[in-house]
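Below is one structure, written out as structure tokens; the observations come after it.
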Amino acid sequence: MVVVAWITCLWPGLPRLWWRGDWRALLGALAFAAALNLGLLSVLVWSQSLPGWLLAAGWAAIGLIWLVCAWHGWWLLPKLRGLDASPEKEDLFIRAQLEYLNRHWLEAEELLATLLAGRDQDAEARLMLATLYRHTGRFAEADECLTRLERMDSGDRWCVELARERRLLESLPSSSGSATAEGCEDEAKDNFFTDEGTDGKAVAGAGRVA
């Protein structure tokens, strides 16, 4: 899958289109395809009617655009896949984790939403959000979150936790719209902390993989 990820950098616009579903990037990909086809037509069909310097300049421009876009895609790919670990993003996750462990659901949800807005492919943050939705009785949103996570390549490393969360969600009655967080919490132990303090409050883990 890593090889496939880097292959997407070889066509302008494809990384954003593939990893984020950004349809604006499709315009760039189509524009490059049109330029490449025009270059091929110039060589194969119109080579006798066009000056050599113009053909050379055209292919030089196409090559330069390809190199710049390939480098930009390579630089942007970790962010598109949710693998960037900037201090600001990690701080957001830790704060969300602490709010989650203290059962401050609204605050945790707001922090996770902010984090995912800038790092959509963060599998761990999305898994935590799905669990938060289950705790607060928002089962439809939890199911949607898990479904999206199952389709993410970065979700593969969380397949065990994802399957566990899916089982917990499916074991709940579909009509339990009034279920409370306490009713869900006793079914299994959460996976977003590494230790518990003596006062019974969970302590956030120091490291993670996005």
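- Distance check: L168 CG to H135 NE2 gives 9.0 Å after rounding to the nearest 0.5 Å.
- The line from CG of L14 to SG of C69 is 11.5 Å long, rounded to the nearest 0.5 Å.
- The two residues A142 and A130 come nearest to each other via the heavy atoms CB-O, 3.5 Å.
- Ring geometry for Y100 against W105 counts as perpendicular: the plane angle is over 60°, on a 0 to 90° scale with 30° as the lower cut.
- Residues passing the side-chain contact (heavy atoms from CB on, under 4.5 Å) test with E110, sequence neighbours excluded: L106.
- Atom CD of residue Q97 and atom CG of residue N102 lie 11.0 Å apart, to the nearest 0.5 angstrom.
- Within the 4.5 Å cutoff, the side chain of R164 has no heavy atoms near those of the V160 side chain.
- Considering CG of L146 and CG of L169, their distance stands at 6.0 Å, rounded to 0.5 Å.
- Residues E124 and L127 fail the side-chain proximity criterion, which asks for heavy atoms closer than 4.5 Å.
- When all heavy atoms are compared, the tightest approach of G13 to A25 is O-CB, 3.2 Å.
- Minimum interatomic distance between E109 and L132 (heavy atoms only, all atoms of both residues): N-CD1, 3.8 Å.
- No donor-acceptor pair closer than 3.5 Å links the side chain of D143 to the backbone N or O of F139.
- Distance check: F93 CZ to L116 CG gives 10.0 Å after rounding to the nearest 0.5 Å.
- Proximity of R166 to E170: side-chain heavy atoms (C-beta onward) are separated by under 4.5 Å at one or more points.
- Looking at residues two or more places apart in sequence or on another chain, you find a salt bridge (charged side-chain N to carboxylate O under 4.0 Å, His left out) between R95 and D91.
- L67 and W11 fall within the same hydrophobic cluster, where Ile, Leu, Val, Met, Phe, Trp and Tyr residues are linked whenever their side-chain heavy atoms come under 4.5 Å apart, directly or through other members.
- Atom CG of L111 and atom CG of L92 lie 6.0 Å apart (nearest 0.5 Å).
- Taking R148 as the reference, D120 meet the side-chain hydrogen bond (donor to acceptor under 3.5 Å, both in side chains) condition, with sequence neighbours excluded.
- Taking E99 as the reference, nothing meets the salt bridge (charged side-chain N to carboxylate O under 4.0 Å, His left out) condition, with sequence neighbours excluded.
- Screening residues 53-67 for side-chain hydrogen bond (donor to acceptor under 3.5 Å, both in side chains) gives no qualifying pairs among residues at least two apart or on separate chains.
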Given Y133 and E144, is the side chain to side chain contact (heavy atoms under 4.5 Å, CB included) satisfied, shown in steps? CA-CA 10 Å; Y133 285 149; E144 180 183 352; over 6 Å; no

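- By the ring-ring contact (aromatic ring centres under 6.0 Å, His included) test, H104 pairs with no residue at all, sequence neighbours left out.
- Under the salt bridge (charged side-chain N to carboxylate O under 4.0 Å, His left out) criterion, E141 pairs with R138, sequence neighbours left out.
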Going by atom type alone, with no hydrogens or angles, which donor-acceptor pairs under 3.5 Å involve a side-chain atom of residues 26-45 and a protein atom two or more places apart or on another chain?
from : atom 1 : to  : atom 2 : distance (Å)
N37  : ND2    : A33 : O      : 3.2
S42  : OG     : L38 : O      : 2.8

